[in-house]
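For reference, the structure is listed below as structure tokens.
Note that the structure is predicted; figures quoted are calculated from it, not measured.
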Amino acid sequence: ENDVLGKSLVDMRNSLKKAKEEEDKRAAEDKKRTWANEGFAKFADILRKNNDDLQKLADEVLKHLVKYVGGNQGALFLANDDDDSNRYLETKSVYAWNRKKYIDTQIMFGEGLVGACALEGETIYLTEIPDNFITITSGLGEANPSCIIMVPLKQDDKVMGVLEIASLNIFEKHIVEFLEKVAESIAATIATVKINAKTRFLLEQSQQQAEEMQAQEEEMRQNMEELLATQEEMARKEKEMAWTMEAIGGLGLLLEYDFKGVITHVNALLCT
């Protein structure tokens, strides 16, 4: 107790240990921030390069995202909002998953965990997975995942879809936060792609209608030309007939009668 030098050495040791712990903590936090920033840059590039094809966008994002966060399998569900009164989720892409489970699957908002995530617009993170809930399969066998995360893809408080990833490793807090941030960018890109696709469809439809109208106008023009030509031909024949009748009337005796034998017309020469 009275050893001043010993106490000083112990205090110095404790200070050094605390400083080392703080330094290790700062280094770990810096590493996490660097990892997240590199991820944001990576996925910003992926989203930029695949913003013209929704299927390709979903496949590329899901594949790289599962790998980047150290997951084992994943699925991406997008909202079908053709009918606002009957919105549901449909599978757009799967990665390393049992495809039979999700092929052509439609999930109503509020149905199951994925549907609940879409309805509430909140992340669902599970670390206690019941047996046979899902399994991660490899060539060596099957195993239950250690965690499953479902993240809503929200754009202006509107849920565009749900991202689901399962992993044999527990996701740390910074990974969950990273997924939630990336999900916002994915949702914004999906909204843009959908708007662009709808705009292209409307433009193509408008162009097709314009071409059809142009074809109809051309057909009407041709019909008018044919009609005018027919009218001109009829007028010419009428003139020829009038000339013929006038010639006949001037040279011969002309008498017209109906089937009952009643005379309906005689020319001046006959009258004379």
Side-chain angles (χ1 to χ4, degrees), residues 46-62 76-93 102-109 118 153-161 185-271:
I46 292 174
L47 294 174
R48 179 180 57 81
K49 290 181 178 179
N50 299 281
N51 62 3
D52 57 349
D53 186 330
L54 193 56
Q55 184 61 60
K56 186 178 179 182
L57 173 69
D59 291 339
E60 289 296 309
V61 164
L62 182 63
L76 186 63
F77 307 89
L78 295 186
N80 187 315
D81 47 11
D82 295 337
D83 183 2
D84 289 335
S85 62
N86 185 32
R87 298 184 71 207
Y88 59 88
L89 297 165
E90 54 187 4
T91 309
K92 195 63 178 179
S93 180
Y102 283 125
I103 190 167
D104 297 329
T105 296
Q106 292 184 0
I107 302 174
M108 302 303 296
F109 275 55
L153 307 177
K154 291 195 296 185
Q155 165 72 1
D156 295 333
D157 294 329
K158 181 179 181 180
V159 175
M160 308 296 296
S185 299
I186 295 173
T189 304
I190 289 172
T192 301
V193 172
K194 283 189 172 184
I195 291 173
N196 290 342
K198 189 173 183 179
T199 302
R200 281 197 302 271
F201 172 75
L202 293 175
L203 286 174
E204 290 173 359
Q205 191 177 39
S206 176
Q207 184 177 1
Q208 182 179 357
Q209 291 175 348
E211 291 174 354
E212 290 176 355
M213 289 181 63
Q214 187 176 0
Q216 291 174 355
E217 289 175 358
E218 179 64 19
E219 184 179 358
M220 289 179 63
R221 187 185 64 78
Q222 292 178 357
N223 291 339
M224 288 296 296
E225 291 179 353
E226 292 175 1
L227 181 60
L228 289 174
T230 302
Q231 289 176 343
E232 291 175 357
E233 180 67 15
M234 290 179 62
R236 185 182 63 79
K237 289 184 177 181
E238 286 179 0
K239 287 183 180 180
E240 290 180 355
M241 181 63 69
W243 292 338
T244 302
M245 295 302 294
E246 185 178 351
I248 292 174
L251 297 176
L253 305 178
L254 180 63
L255 177 145
E256 295 179 10
Y257 56 90
D258 60 18
F259 288 104
K260 294 181 180 180
V262 178
I263 296 173
T264 57
H265 175 72
V266 294
N267 65 348
L269 187 59
L270 180 61
C271 291

Heavy-atom pair with the smallest gap, counting every atom of [X] and [Y]:
X: Cys271; Y: Val266; answer: SG-CG2, 3.5 Å
X: Leu78; Y: Lys92; answer: CD1-CG, 3.6 Å
X: Phe109; Y: Arg87; answer: CD1-O, 3.5 Å
X: Arg200; Y: Asp52; answer: NH2-O, 3.7 Å

Only distances under 3.5 Å count here; give the side-chain donor-acceptor pairs of residues 252-263 to other protein atoms, sequence neighbours excluded, each with its distance to 0.1 Å.
residue, atom, partner, partner atom, Å
Asp258, OD1, Lys260, N, 3.0
Asp258, OD1, Gly261, N, 3.1
Asp258, OD1, Val262, N, 2.8

Residues that [X] engages under salt bridge (Lys or Arg N to Asp or Glu O under 4.0 Å), provided they are two or more places apart:
X: Arg221; answer: Glu218, Glu225
X: Glu219; answer: none
X: Lys56; answer: none

Any chance you could measure [X], atom [atom1], to [Y], atom [atom2], to the nearest 0.5 Å?
X: Ile46; Y: Arg48; atom1: CD1; atom2: CZ; value: 11.0 Å
X: Lys198; Y: Gln205; atom1: NZ; atom2: CD; value: 11.0 Å
X: Leu89; Y: Leu76; atom1: CG; atom2: CG; value: 10.0 Å

Checklist entry - Hey, is the main chain of Leu202 close enough, under 3.5 Å, to the side chain of Ser206 for a donor-acceptor pair? => result no

Item to check | Criterion side-chain contact (heavy atoms from CB on, under 4.5 Å) on Leu57 and Asn51, from CA distance to verdict | outcome: CA-CA 7 Å; Leu57 173 69; Asn51 62 3; 5.9 Å; no

Sequence neighbours excluded, which residues qualify as side chain to side chain contact (heavy atoms under 4.5 Å, CB included) partners of [X]?
X: Gln231; answer: Leu227, Leu228
X: Thr199; answer: Ile195, Leu203
X: Ala191; answer: Gln155, Met160
X: Glu233; answer: Arg236, Lys237

Item to check | Counterpart residues, side chain to side chain donor-acceptor pair (under 3.5 Å), relative to Asp59 (two or more places apart) | outcome: Gln55, Ser93

